[in-house]
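The structure appears below as structure tokens.
Keep in mind it's a predicted model, so treat the numbers as computed, not measured. In what follows, chains carry the letters A, B, and so on, assigned in the order in which the sequence lines appear, proteins first and then strands, with residues in each chain numbered from 1.
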2 protein chains.
Amino acid sequence: MTTSNLISHISHLTSHNYAIIVAGGSGTRMGGDVPKQFLLLKGRPVLMHTIEAFHHSNIQPRIILVLHADYHGHWGDLCRTHNFIIPHQLVGGGETRFHSVKNGLDVIPGNTDSLIAVHDAARPLTSATIIEESYKAALKYGNAVTAVKSRDSIRQKKEDLSVSLLRDEIYLVQTPQTFQSAQLKKAYLQPYTDKFTDDASVVEQTGVPIHIVEGSYRNIKVTFPEDIAIAELLLEDHGR
Amino acid sequence: MTTSNLISHISHLTSHNYAIIVAGGSGTRMGGDVPKQFLLLKGRPVLMHTIEAFHHSNIQPRIILVLHADYHGHWGDLCRTHNFIIPHQLVGGGETRFHSVKNGLDVIPGNTDSLIAVHDAARPLTSATIIEESYKAALKYGNAVTAVKSRDSIRQKKEDLSVSLLRDEIYLVQTPQTFQSAQLKKAYLQPYTDKFTDDASVVEQTGVPIHIVEGSYRNIKVTFPEDIAIAELLLEDHGR
């Protein structure tokens, strides 16, 4: 099978569901010039691991990569260097994560019964199981937000005081966050506020109840330099 | 200075404040027979790193180690093997963390103006800075609970639904948790309930407001086997 045949074959399979991989932002928190999604994890950019996880799941969604326009050329170079041929559509990033996701949504046709997962580019350790459970639950409940229970006690701070919350009720939110297309598109028509820290908070604002599915403590976000070494450890342990 | 002189000298300096290091429990979550506080971190048991952190802080508290009675002999052997001579008082663990802390409190004299820090044995990466800030803030505010802001969005789940909480208000609680002696002792006279997930929740139940001090994301709890490798990475990065 030639490369172009392969791409066409895959595109056919992935025509119903979508995954928006959000790599917007300048990545300055890594303390260097390399945005975190390009850092090498086992010799390959974080972002390639992330895209592969979706591509290798049974869902095989159509993949939309939202990336700051400044990096489109660099990403193309990386794909050639690493012989990375998983088909995906490249879209420019916005001012905030909200605006980046909105840019991704803009290239998805309306009036479909498709499901759309939104996923952080910097979560390369997501698994086929997590991805498949997310789409399955979104089909059933309208949406599905991947989250893990807190392993720590939790306090809510109001001014100088704090109160304890019931740990069993508290979830740390990850991605993927998967939604019925119409639900997500409608939510992203709202004006931006800085309370929108993830897609679930945007959708919730329209009055839609949010359904949680259990993720994994391994599904970490690469945010600080030491996280790359931790991700490599977890990858080894995972036997991938 | 001989060993016995050293111990006597240190004991004098540490006569005013206390640290209860809680290693109770069977450690079954490690998936093996070795309780997590005994696992080797850079060649030495986790618990030795933890005790050293307190001993090397400027506070130099009197150290009380709460450990399941079944392990007292093993701990003595480990101390001899590793030539570990930091003075500490060994106390038997209780049925839950609450009962273990209570056992530790029982050996601290009442009617003093001392400060008592409670710390998880399985948090070996706590630092002198964190420890000193905790005692300082407890002196000023009556108590000080080490915690870090959540890096993830947070949801509170009630039955099948969930609501987003303001991420900036949510803290993941760590240890040390430090208290005025009378405040902590009074709180631990209450009957046990399973809502007591940490010392702050016990003290809060008596109506005392809880003060948060910023901890560190490095101050992890060794809970699962992969955490040892992560802790070693963080130790290397820390340059200790």
Determine the option with the most heavy-atom pairs under 4.5 angstrom with chain A, choosing from B:S201, B:P209, B:S162. B:S162
Counting only heavy atoms not in A:K195 (residues, nucleotides, ligands), do more than 12 fall under 6.0 Å from its NZ? no
Portion of B:D227 that has a non-hydrogen atom of chain A nearer than 4.5 angstrom: side chain
What are the residues of residues 130-141 of chain B, in order of number, with any heavy atom under 4.5 angstrom from a heavy atom of chain A? none
Looking only at non-hydrogen atoms, find the nearest pair between B:L172 and A:L172 and report the distance. CD2-CD2, 4.1 Å
Side chains of B:S153 and A:T197: do they bring a donor and an acceptor to under 3.5 Å? yes
Contact between B:K221 and A:R151 at the side-chain level, heavy atoms closer than 4.5 Å - yes or no? no
Interchain contact, B:A147 with chain A, by part (heavy-atom threshold 4.5 Å): neither
Counting only heavy atoms closer than 4.5 Å, note whether B:R155 contacts chain A via side chain, backbone, both or neither. both
Heavy atoms under 4.5 Å from chain A: which residues of residues 176-184 of chain B carry them? none
Between A:L166, A:V163, A:L165, which shows the greatest number of heavy-atom pairs under 4.5 Å with chain B? A:V163
Side chain, backbone, both or neither: which part of B:Q156 has a heavy atom under 4.5 Å from chain A? both
Donor-acceptor contact present, side-chain A:E204 to main-chain B:S164, <3.5 Å: yes
Any A:I210 side-chain heavy atom under 4.5 Å of B:L161 side chain: no
Please examine the side chains of A:I154 and B:V173, heavy atoms only from C-beta on, and report whether any two atoms are closer than 4.5 Å. no
With a 4.0 Å cut-off, would you call B:D152 and A:K149 a salt bridge? no
Top residue by heavy-atom pair count (under 4.5 Å) with chain A, among B:V145, B:D168, B:D198? B:D198
Check whether more than 12 heavy atoms from other residues, nucleotides or ligands sit under 6.0 Å from atom NZ of B:K186, and answer yes or no. no
Does any heavy atom of chain A fall under 4.5 Å from the side chain of B:K158, the backbone, both, or neither of them? side chain
